[in-house]
Amino acid sequence: MRLAVCLSLVPDPATIDVDPLTGEIDADRTLHIMDPADAAALELALRLRGDSDTVTVLTVGPVAAEAVLREALAAGADSALRLWDETRTATKPAVTSLLLAASLRNEGLPDLVLCGWRSLARGSGKIPALLGEYLDWPVVTDVTRMEIQAARVRFHRRLARGDRSEGEVTMPAVLAIAADGIRLRYASLPQLMQACRAAIPLRDLPDLGLSPLDLSFPASTVHAVTPPRPRPRTIFIPDSSLSPHERIGQILSAGAAPKSNRVLEGPPEEMADAIIAFLQARGFLDQPA
Amino acid sequence: MSSPSRLLFSPLRVGNITLQNRIVFSAHLTNFAEDFMPTDRHAYYYRERARGGVGLIITEEHSVHPTDHPYEKLIHAFNPAVLPGYRRITEMVHAEGTPILAQINHNGGQSSGMFTRLPAWAPSAIADPLFREVPKAVEHEDIHQIIDGYATVAGYTKRGGFDGVELQCSHSSIVRQFLSRSTNTRTDAYGGSLENRARLLREIIGAIRVAVGRDYVLSVRLCGDELIRDGITIDEAVDLARLLERDRLIDCINTSIGTATQTLYMIEASMRIPPNYAMFIPSAIRKAVHLPVIGVGRVKDPIQAERLLAEGHADLVGIVRAQIADPEFARKARENRADDIRLCLSCNQECVGRMGLNRWLGCIETPATGREQSLGAGTLPPAKPEKRVTVIGGGPAGLKAAAIAARRGHRVTLLEKEDRLGGQVAWAVRVTTRAEFGDIIRNLVHEVEQLPVGIQTGVAATPEMVLAGQPDAVIVATGSLPDRRAIPGADGPRVADATDILAGRVTPGRRVLLIDRLGFHEATSTAEFMAEQGCAVEVVTQTLYVGQDLGVTLDLENWYRQARRLGIRCTPNHSVLGIEDGVVTALHNYSGQIVRFPEVDTVVLAIHRRANCRLYTALKGQVAELHRIGDCVAPRRAHAAIIEGEKAGRAV
Amino acid sequence: MKAPRPTDHFDVIVVGAGPAGSAAAIVTARAGLNVLLIERGEYPGAKNVSGAAFYGSAILNKLIPGWWQQAPVERYICRRDVILISPSTAVSLDFRSASPEYAAPPYNAFTVLRPKFDRWFAAQAEAAGAFLLTSTVVDGVIQERGKVVGVKVRRDDGEIRGDIVIACDGANSFLAQQAGLQRRLAADELSLGVKEVLGLDEATIRERFNLSGNEGMVLEYVGAVTDKVRGGAFLYTNRNSLSLGVIGQVSSLVETGKRPYDLLELFKAHPAVAPLLRGARLREYSAHLIPESGWKMMPKLVASGMLVAGDAAGFCLATGLYIEGMNYAMQSGMAAGEAAVEAHRVRDFTRHTLERYTELLWPYNVFTDFRAYRHAPHFVNGERLQNLYPEMAAASFERLFRVDGNAKQKILPLYLKAMRQSGAKPRHLIADLLQAARSYLW
Amino acid sequence: MAAPVVVVAETIYGALTPATVECVEEARDLADSIAATVHVILPGHRTAPLADELAAHGADRVTLVEHEALEQFSADGWLAAVAPVIRELRAVFTLAPDSGYGRTWLPRLSARWRIPLATAGIRVKVTNEGYPEVFRASHDGKLHERQIWARGTAVMVMLSPGVRGVGPELPGRRASVEVVEPEIDAAAFRDRTLRTVPPDPHDVDLTEAERIVSGGLGVGGPEGMALLQQLADELEAALGGTRVVADRGWLAADRFIGTTGKIVAPKLYLALGVSGAGQHVAGITASETVIAVNTDRTAPLLKLADLGVVGDLHAIAPVLIRKLRVLRQAAAPSPAVRPTQLDPVIRAPVAASGRHPHDVSAREALP
């Protein structure tokens, strides 16, 4: 089985110091690390690797991005590849996915592509799906657990508000990992020294058979950065068509509907039955659908 | 070093200045002025909060025109003699690195000729319900005088060293009266549509900008809902905010609710009103404009303030009474010591309560408020020599004395006969609408726990026990006891004291008659407490109306609203003569008739207590230094106990 | 980056990529040796913290000519203040120079931010051919037959062998102690520096410290600033931030029970300091051990197969007038490098040949300076100079400049009165003057 | 008629997700500002009853994409069934919640149709000059980015859940509903969702818990809290409490409810031994149903609860647990819905890791 893992170099949130007045990040003091979600994906890939399997790591970025590939090689990845177009200074999710897809096709399509569900940099979370589009593969995002069974992958994925769902997807596929709590293993000295020595191959546009034209996407014209200005959440507003007296009443009760208050007293058996009856009346005890 | 309050302590640009954090000590009356001029008292009062780490200070209103003088201790900013006082304030505040704005205002028709012997000026000749004097509908020349007044005073504030001004357009202001259809029935260019009603405000803003230029902060305090008939509502307030932002002449919008002369109880909300009750106003305005918006309304806690910012309801949070109670609110919040903050009770007794009585601003739990120069931070003399001090009584008086003495370095022991500290306050908190009054004890206990004070509860102190400890000084704070002697038959059956009811020692019957001679919360909250449990309650008092002093703490209107809902009958003007087997007889003050009230299951007494000075008299002459403080001198309200606790703590 | 030879044996293993380590690595790599430079932090400078004032511009210029054009420097120092502090007053000596030695290349000194500077300096070592290994902690040296033959790192299969190990792992060096060259330092031989970096925009710094362009300023405070604790404080101007910190002798900190953090807050609140910090926003906070008693505390610097340089060797001169560490670190690093190269030329790594290192420390003016100022640390940390004299100076100047209608007094009677008030004995004063003279004058 | 603002709705357990309702309300505000209509596309199976709720929150028109295969989410299914409907509507704005499901297929449409897509959206507006403008969060929320496109550019935006909160229903709103039944073959779907599993009450965040059992000082100690934990498990509720209980260590620090702790809005709040001090009550005002059990008749919470019971929780709770267990076993013999215990990938031995270098703290450098 051939596994590919896409990694990215992102600013370490602990070292990001945003100027609260201008929103600029002080680049001097920002440290860059491998994105934690990508690291979790790499750790899962390394755990999945059987004897005859290989794990290849790729990244899109300038020479500084080699650091994540070296860290991956030190952790035990079999081979590493950096993709970059020297004419660019920054990249967009669409460009990154296009380069990754092109490289994967060039090097021979793997059976599975793993990556993080969302990066700590601009954090678009679009790359897994875009990659799936350019490879015409199915995609699953926010995966917390996975198990490979023949040509299919069984997975758990994380939904909003603590809900979860189980599913399966045919291989080959793109899986975006959201397993927080999984950390990349700690490299031994020989592996680390070898990784530091390794020469990281670079593929640019011509190698990938792409021309700059392929990478032109409708760019948003203005792109300003501001310190976070939280957006007003919904809040109870007294109905201004009511009389002042009624509006004051609504303010005093903080908008809560008046409660029909009932107080009971009696032996524990009776009280327990009363509570159960009340819960049944409000539909808390019928089985979830 | 990121503290939990990430947003509360992130700087913000307002006009040409940068605020170090989002906490604003917003405008409020102080009555510190003398001869209509700012005084040293103002300077020390504001500096104490600047030193406490607040992000921005906005002073009380200063008047811009001689026709504006609704109450005695108002600062006449139109008189250039204010400049030395201004410089004194701004220098002392700027020394702490804190910016300060001056609020300037003309109260218009919400006034009378009482002081000025001139007609009050207003948009239309509609008398204000509180002052009940018909004002003069201003002519265009008068309007120009007012606008010039604003511009001149703005100039004086700049020369006085302020960083900017705030225009009061809510509470009590001629600008508010022009904006509100309830007071503006003009048909000229200043009345009718919102643009017309806002014309005076926009002309004032323009005149001020000409006088002080663009590099001077200009904040406008708008009312989000006047809560009166034909008053301003949230939709008009939002439209007005958009209008002002489009003029691009103001730097910040402050918000408020209610009017000063009709719904004051909704402006300085007491503990009956839920926290964040007015946050819908800044939230709605912030959806419509990009200017920084200040949200105000019973914000008592840094975490509550941080949540308001995080949920986007405001950019800055007005925190006033909480900083009147604890000037170091901001620094303690920044250093993650929120527990050490002396929480405000929202009781309104000694701050806004004293304003209505024309007295200078105080605080029920902070004697230094208003007298920062003599009692403020750093004025506590270290104990020389260090003494062994025994305090008897764990109520507000005893706790305060123990805290002050221990803080100075004395070795203090506190004895309390109940198994819980708090004295009478412990009962007041049983009523849901008075629960926050318990914070007065929570604060004192928290303060005393951090100091080397030996606390022994459940110890009924006897003279021998006190003397056995060989104290160098003794402070007696044994409080007061019920006094049944005042009413014949009061010691008979079916009669209970209000504290018995609240403590649950006595369960009231179905029909209850409460005799109220205090006219304050002890009576009205006990009535509410019993009514909520289904009792049929009638309150009888000799005063003109039940709860005569609830107006001082702005609880009157909301108590009566609740009393009507709970069916409490109020019978004023009846002086109780006696009680016999559940039957109360009283004298109707104005008819001279003797009235026998129908028999009730329980008669509850909310009457004056008597000092419990047994221990004091026993110890007199036995100890080198003996003090007596609080109710055991004379039963009074909590602020008296706290002040005497401070005095004794400093005297020992 | 030249890939190092694949053998796991190195000619020289340098532990610690601070100024000393990188300097040694550059010298040995340039001589063609196979050099390994190991750094504990994720990158050189992550763990290194010092006051960020670098007085060795001319020294580094010999190693890397015109270094300041490429290196990330903040401001060149052309203004220095020494300030005697009492709780409410400050008496300062202000030195400012526009002469070429200070205000023109190669400049005299710079303020630097260690994270950026160390990373650049280590990169020069890599460029020279050294192999930089980061995020790796050295747990100890490997010794065979009394000779150091390599190091043990905290990773699986973590043994690396090398002919010479140069230990530059900072104050209280663990490697030097393990190799028996250094005993555990006593509390009065170490000081704890507590430092903060406060962000302040460039224009305000220029205006507030009246500097123009890239001029920089160093302020050093002595006296009651550390509230009875023997030590001092400093404030350096960076490009758009201020480095400030308090240094307290560890034994004195323990005696007075004062916490360094409280001293820092006290220093920041002092009336002479607070106005300089208004509006600055805390960015970083860090602590660092400083070896302070100089000449007396010098450990044995050489063992067979091993050299000790930089703070690890205690090369940090704190004499009140100077607080210099980085320059001596570099000089000792370069000397160690040269000694290692010569040892390799003769293929003999015994202690005898490596003693060349200590000989080189004289021409490199490391030993010369430390011996010359050997009395200074003891003098500077004297109780009287720390607390008594600053108060006296402050009181007498206060008295001198106050006009309250009374008769003006000449300086000597005034000074004697101040001395009597503060309880200083004349014989103490004379003894101290003699000591000062011995420390500084001749 | 101006191009519509389209919203792609999502459902869970047969109901609209809160994030979907927020998108509909954001679309309503947006449409009002450019005089456009709000057109909601609701894929699923038997979802007709939800159309009225969509209308009440601002939808003008609703298209139900009805097919049995769409009962559970599948990216291939949605691409086959829903994408054509979106394409046909030529929307000026397309809004959808920034959810795990959405991020699986919507970016593919943005690539196919070369339409810009902004994720982690905070706010969507049209500037006064008519440019589409989106504010989005970046760098883990530490920064907000402002993106603007040329006038008339069709833009897709995925709105972060919880950004504006769900507003009240607007009375008297109606929406025209049409049904589309796509021809799709479920067998061809390469990815399928088998089952949706509710959150595990033990580690769900209290602010998101649907049911909470809460203990106060009256609980008496850790044993009391263990009793409440059993009751919580029976009701599939999360366990919470007052600050006093957390301060005494009977409850984890992040599980206390109040102004200085968590603000909760559960459907059921069952409080035992909680007196109802102001600080705590302020944290539960948004609870739909409140039941309070307390020995002290005058406890404030008894008066604020829908059902107040004066009694000792140590007597009542065990009886309640016993009765609930009996009721549950009688009603549904199969065990409650639990996720199958998937082994989190083959557990390979992680390299025997020594102490990570960064664990070396500065303190160790001190003598």
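Just so we're on the same page: letters track the sequence lines, and every chain starts at 1. The analysis underlying the following values was restricted to heavy atoms, covering all of them including side chains, and did not include hydrogens, waters or symmetry mates. These figures come from a predicted structure and were not determined experimentally.
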By residue number, those in residues 114-124 of chain A with heavy atoms under 4.5 Å from heavy atoms of chain D are A:W117, A:R118, A:L120, A:A121, A:R122, A:G123, A:S124
Distance-only side-chain donor-acceptor flag, A:D142 / D:Y101, under 3.5 Å | no
Heavy-atom distances under 4.5 Å only: say whether A:P11 touches chain D with side chain, backbone, both or neither.
-> side chain
Is it the backbone or the side chain of A:R157 that comes under 4.5 Å from a heavy atom of chain D, or both, or neither?
-> side chain
Of the listed residues (D:V309, D:I321, D:V204, D:D140), which shares the most heavy-atom pairs with chain A below a 4.5 Å separation?
-> D:V309
Between D:R192, D:R190, D:E208, the one whose heavy-atom pairs under 4.5 Å with chain A are most numerous = D:R190
Pick one of side chain, backbone, both or neither for A:F278, based on which atoms fall under 4.5 Å of a heavy atom in chain D.
-> side chain
D:T193, part contacting chain A, at a heavy-atom distance under 4.5 Å | both
In sequence, state the C-alpha distance, the side-chain angles, and the governing distance for A:I148 and A:M1, and then conclude on side chain to side chain contact (heavy atoms under 4.5 Å, CB included).
-> CA-CA 11 Å; A:I148 295 179; A:M1 184 169 68; 3.7 Å; yes
Examine whether an atom of A:V139 lies under 4.5 Å from a heavy atom of chain D, and if so say whether it belongs to the side chain, the backbone or both; otherwise answer neither.
-> both
Below 4.0 angstrom, N of the basic side chain to O of the carboxylate: do D:R108 and A:E133 qualify?
-> yes
Salt bridge between A:E166 and A:R145, side-chain N to carboxylate O under 4.0 Å?
-> no
Option in D:E22, D:R123, D:E210 with maximal non-hydrogen atom pairs under 4.5 Å from chain A = D:R123
Using non-hydrogen atoms and a 4.5 Å limit, figure out which bit of D:D98 sits close to chain A: side chain, backbone, both or neither.
-> side chain
Residue part contacting chain A, namely of D:V134, when any heavy atom lies under 4.5 Å = neither
May I have the step-by-step check of salt bridge (Lys or Arg N to Asp or Glu O under 4.0 Å) for D:R151 and D:E129, ending in yes or no?
-> CA-CA 8 Å; D:R151 192 175 290 114; D:E129 302 79 16; over 6 Å; no
Criterion salt bridge (Lys or Arg N to Asp or Glu O under 4.0 Å) on D:E234 and D:R328, from CA distance to verdict = CA-CA 8 Å; D:E234 278 312 313; D:R328 185 159 54 75; 3.1 Å; yes
Evaluate the salt bridge (Lys or Arg N to Asp or Glu O under 4.0 Å) criterion for residues A:R282 and D:E288: first the C-alpha distance (whole Å), next the side-chain angles of each, then the deciding distance (0.1 Å), finally the verdict.
-> CA-CA 10 Å; A:R282 302 264 175 133; D:E288 278 176 27; over 6 Å; no
Honestly, the part of D:I122 sitting under 4.5 Å from a heavy atom of chain A is both
Among D:D205, D:T207, D:L324, which has the most heavy-atom pairs under 4.5 Å with chain A?
-> D:L324
Will you find, in the side chains of D:D76 and D:S74, an N or O donor that is under 3.5 Å from an N or O acceptor?
-> no
For A:Q280, is it the side chain, the backbone, both, or neither that has a heavy atom closer than 4.5 Å to a heavy atom of chain D?
-> side chain
Can you tell which part of A:I25 gets under 4.5 Å to a heavy atom of chain D, answering side chain, backbone, both or neither?
-> side chain
Is it the backbone or the side chain of D:L79 that comes under 4.5 Å from a heavy atom of chain A, or both, or neither?
-> neither
Measure D:P97 against the heavy atoms of chain A and call it side chain, backbone, both or neither at under 4.5 Å.
-> neither
Given D:S99, D:P107, D:P18, the one with more heavy-atom pairs under 4.5 angstrom with chain A than any other is D:P107
Lys/Arg N to Asp/Glu carboxylate O, A:D273 vs D:K323, below 4.0 Å = yes
In terms of heavy-atom proximity below 4.5 Å to chain A, should D:A137 be classed as side chain, backbone, both, or neither?
-> backbone
Do the charged groups of A:R152 and A:E168 touch, with an N to O distance under 4.0 Å?
-> yes
Looking at A:E270, A:R158, A:E269, which has the largest count of heavy-atom pairs under 4.5 Å with chain D?
-> A:E269
Is a salt bridge present between D:R146 and D:E133, judged by a nitrogen-to-oxygen distance below 4.0 Å?
-> yes
At a heavy-atom separation under 4.5 Å, does D:F189 approach chain A through its side chain, its backbone, both, or neither?
-> neither
Can you say whether A:L279 sits under 4.5 Å from chain D via the side chain, the backbone, both, or neither, judging by heavy atoms?
-> side chain
So which part of A:D136 gets closer than 4.5 Å to some heavy atom of chain D, the side chain, the backbone, both or neither?
-> both
Under 4.5 Å heavy-atom distance to chain D, tell me which part of A:I16 shows up: side chain, backbone, both or neither.
-> both
Tightest non-hydrogen contact, residues D:E236 and D:R211, listed as O-CD, 4.1 Å
